[in-house]
Chemist: 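Provided herewith is a single structure, encoded as structure tokens, for subsequent inquiry.
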Amino acid sequence: MSSTPPTAGTGKRTAEASAGELSPGALAGIFVRLKLSLLRNGLRQSAKRRRAFVTALVAALLFAVLQLLGLAALRGHEHAAAVTVLFTGVLALGWAVMPLFFPSGDETLDATRLVMLPLRPRPLVAALTTASLVGIGPLFTLCVLLGSVIALAHGPAAWALALVAVPLTLLVCVTLARAFAAANIRLLTSRKGRDLALLSGLVIAIGVQFVNFGFQRLSSTDLDLSALEPAAAVVRWVPPASALGAVESVSDGSYGTALAQLALSAAALYGLLAWWRASLDKLMTSPDGSTVAAADPRARAGRSSSDATDSALLHRLFPRGRTAAVVQRSLRYFWRDPKTKAGLVSALAIGLLIPLFNAAQGVGSVYFASFATGMLGLQMYNQFGQDTSAFWMVVQTLSTPRDAYEELRARALALLLVALPYTVLAVVVVAVVVGDRQALPSALGLSLAVLGAMVGTGAYASARYPYTIPQDSAYKNVAAGQGALAWMSLLGGAVVAALVCAPLIAVTVWLHLTDGHEHLWTVLPAGAAYGLLVGWAGLRLAAPVTIRELPEILAAVSK
């Protein structure tokens, strides 16, 4: 039997026909299976990742169940509606800002990976939305919404409306996160957008702080719940909290009000889907700013001149040698790599905002300025993951623990060039705002100790628990299957750093309890020396571990 081989045009038409024949439901099923496969394959790579994922999953599920039971316990309470509606509003705000700041391992959310496939935005939005509903975040949100409905719904009509309100609210939250991320993807991937990343990081940091502030207020034990009613009266008309407000309105017999509130959430969902679809269409059909700039000879000439100026300046600041080369490379990462720069700016903003927010509430302390130092110290973690596949070039220069020590020490020095002046500034600003200048030396000493502890533990965690930072996706800072590993590394390191600083903290507390305020200044030199000691010890401890784990580190950061 003879047959004519298909031409290129025939193959293209066949692909288009196959894509056209694929129903939205089938495409959604493919994306869900893709997401699960990526997660499963990521977990298969290491037993360490599986343990971290299971631990994070159990902790998240336990917290979700506790939230469900706590909200359900409000049933019949006079101010149950105010708490649940405001809680939903804060949760929706978290969905908007958290995915842009915190690590995510969802490969299916990066539409730039799909530009070569014959997929139109409308079915792609439906498939991505379905895939987005699979995960710990949506499950936690669903538990919160179920607890809120149990607290609000009274009567068959309210329960019937809740069957619509819960999935509608969940869809609005998920779509809000994806639409906001899609609209900002060029900001995180374009070389031209690196300056705007500074503004984006500040906006995200402020948004995260508002989320934190909202949860603090709602979980406060001394909060008079009646004080929430004015804010709840406004938020119950703001999607997606308006969908839960509709459940409350039906329970009160206000069917017209409930219909209007539910319609607001439905309209918000439609608007977000349209915005998301337009962003996907733009992403998949138009070049980004970096591509246009790369084709422009004047832009290339401008970049070359800028690079030469930067290099000359750095050479004047640092002498020749391995340490100087690594410091220069790390500083260039801080300035030029979009993800590193966004993470650094967000850490700077959040670190200072949280102590100032607490001071504004009247519960601030000058010692809380060490939180700013801790946020910046987290940048020391996963140092090798920042290099991605280029880490193999660094591996060629590492053969002894001494080489590894010098590499880690230089990376720490680059971070300290930013962290030390920032720590001093943060402590001084918080001390002035709080009005406790007497404790400024001791607070600065504690902050320096925390910085040293974070440098030491971060160096060890970088060698022992490395993870991939994907450079071809703006949606995530951790590769699929490694999100739990990243969280365990960061949180575990922060806890260990706090324990390392416990002796100095105990001395400071003892001086306050024994009215030894005139001796608080001694904490400053003690904290500086202690931070230097524990930082040096951490680098020394991490050096042989780095050499021993080099193959695993290279495999982990190059995925």
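Keep in mind that this is a model prediction, so the values were computed, not measured.
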Chemist: Carefully, step by step, assess Ile30 and Arg33 under the rule side chain to side chain contact (heavy atoms under 4.5 Å, CB included).
Modeler: CA-CA 5 Å; Ile30 291 174; Arg33 292 195 298 273; 3.4 Å; yes
Chemist: Minimum heavy-atom separation for Leu244 to Leu152, with atom names?
Modeler: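 What the structure gives for the nearest pair is O-CD1, 3.6 Å.
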Chemist: Do Val144 and Phe87 come close enough that some side-chain heavy atom pair is under 4.5 Å?
Modeler: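 In short, these two side chains touch, coming nearer than 4.5 Å.
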Chemist: So do Phe31 and Ser132 actually touch side chain to side chain, heavy atoms under 4.5 Å?
Modeler: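 The answer is no, as the side chains (C-beta and beyond) never meet within the 4.5 Å cut-off.
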Chemist: Between Leu86 and Val235, which heavy-atom pair has the shortest distance, and what is it?
Modeler: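 Scanning both residues, the minimum pair turns out to be CD2-CG2, 3.5 Å.
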Chemist: Do Thr88 and Ser148 make a side-chain contact, defined as non-hydrogen atoms from C-beta onward lying under 4.5 Å apart?
Modeler: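 In short, these two side chains touch, coming nearer than 4.5 Å.
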Chemist: Is there side-chain contact between Leu272 and Phe180, with at least one heavy-atom pair below 4.5 Å?
Modeler: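 The answer is no, as the side chains (C-beta and beyond) never meet within the 4.5 Å cut-off.
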Chemist: Are any non-hydrogen side-chain atoms of Leu280 and Arg277 less than 4.5 angstrom apart?
Modeler: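 The answer is no, as the side chains (C-beta and beyond) never meet within the 4.5 Å cut-off.
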Chemist: OH/Tyr381 to OH/Tyr467 distance, rounded to the nearest 0.5 angstrom?
Modeler: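 Taking OH in Tyr381 and OH in Tyr467, the distance rounds to 10.5 Å.
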Chemist: Output the distance between atom CD (Glu248) and atom OG (Ser242), rounded to the nearest 0.5 Å.
Modeler: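 With rounding to 0.5 Å, CD (Glu248) is 12.0 Å from OG (Ser242).
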Chemist: Please report the closest heavy-atom contact between Thr130 and Val32, naming both atoms and the distance.
Modeler: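 Reported closest heavy-atom pair: CG2-CG2, 3.7 Å.
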Chemist: Cut-off 3.5 Å, side chains only: do Trp276 and Thr175 have a donor facing an acceptor?
Modeler: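 Their side chains do not contain a donor-acceptor pair, so the 3.5 Å distance test is not met.
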Chemist: Please examine the side chains of Leu344 and Leu376, heavy atoms only from C-beta on, and report whether any two atoms are closer than 4.5 Å.
Modeler: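 Yes, side chains in contact.
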Chemist: Between Gln261 and Arg236, what is the shortest heavy-atom contact and its length?
Modeler: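 What the structure gives for the nearest pair is NE2-O, 3.4 Å.
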Chemist: Roughly how far, to the nearest 0.5 Å, is the CG atom of Leu146 from the CG atom of Leu71?
Modeler: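 The CG atom of Leu146 is 10.5 Å from CG of Leu71, to the nearest 0.5 Å.
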Chemist: Within this structure, what is the CG-CG distance for the pair Leu269 and Leu170, rounded to the nearest 0.5 Å?
Modeler: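 So the CG of Leu269 and the CG of Leu170 are separated by 10.5 Å.
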Chemist: After noting the C-alpha distance and the side-chain angles of Tyr422 and Thr373, does the key distance pass the side chain to side chain contact (heavy atoms under 4.5 Å, CB included) rule?
Modeler: CA-CA 8 Å; Tyr422 174 76; Thr373 304; 5.8 Å; no
Chemist: Measure the shortest side-chain to side-chain distance between Gln67 and Cys143 over non-hydrogen atoms and say whether it is less than 4.5 angstrom.
Modeler: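 Not touching, per the 4.5 Å side-chain cut-off.
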Chemist: How close do His79 and His77 get, heavy atom to heavy atom, and via which atoms?
Modeler: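 Reported closest heavy-atom pair: N-ND1, 3.0 Å.
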Chemist: Compare every heavy atom of Val172 with every heavy atom of Ser265, then report the nearest pair and how far apart it is.
Modeler: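 Closest pair (atom of Ser265, atom of Val172, distance): O-CG2, 3.8 Å.
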Chemist: Atom CD of Gln383 and atom CZ of Phe391: how far apart are they, to the nearest 0.5 Å?
Modeler: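 Separation between the atoms: 10.5 Å.
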Chemist: For a side chain to side chain contact (heavy atoms under 4.5 Å, CB included) check, start with the C-alpha distance between Gln379 and Met454, then their side-chain angles and the critical distance, and finish with the verdict.
Modeler: CA-CA 9 Å; Gln379 304 302 308; Met454 297 294 285; over 6 Å; no
Chemist: Quick one: OG1 on Thr141 to CG on Leu171, what's the gap to the nearest 0.5 Å?
Modeler: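 So the gap between those two atoms works out to 11.5 Å.
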Chemist: Any heavy-atom pair between the side chains of Leu262 and Leu161 that's under 4.5 Å?
Modeler: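 Yes - at least one pair of side-chain heavy atoms lies under 4.5 Å apart.
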Chemist: Look only at the side chain of Ser254 and the backbone of Val250, and say whether a donor-acceptor pair between them is shorter than 3.5 Å.
Modeler: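 Not a single qualifying donor-acceptor pair exists.
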Chemist: Below 30° counts as parallel, above 60° as perpendicular, anything between as tilted: where do the rings of Phe63 and Phe140 land?
Modeler: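 Phe63 vs Phe140 ring planes: parallel.
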Chemist: For the pair Thr129 and Leu273, evaluate side chain to side chain contact (heavy atoms under 4.5 Å, CB included) and give the outcome as yes or no after the intermediate values.
Modeler: CA-CA 9 Å; Thr129 301; Leu273 289 173; 4.3 Å; yes
Chemist: Between the side chain of Arg75 and the main-chain N/O of Ala153, is any donor-acceptor distance below 3.5 Å?
Modeler: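 Between the backbone of Ala153 and the side chain of Arg75 there is a qualifying donor-acceptor contact (under 3.5 Å).
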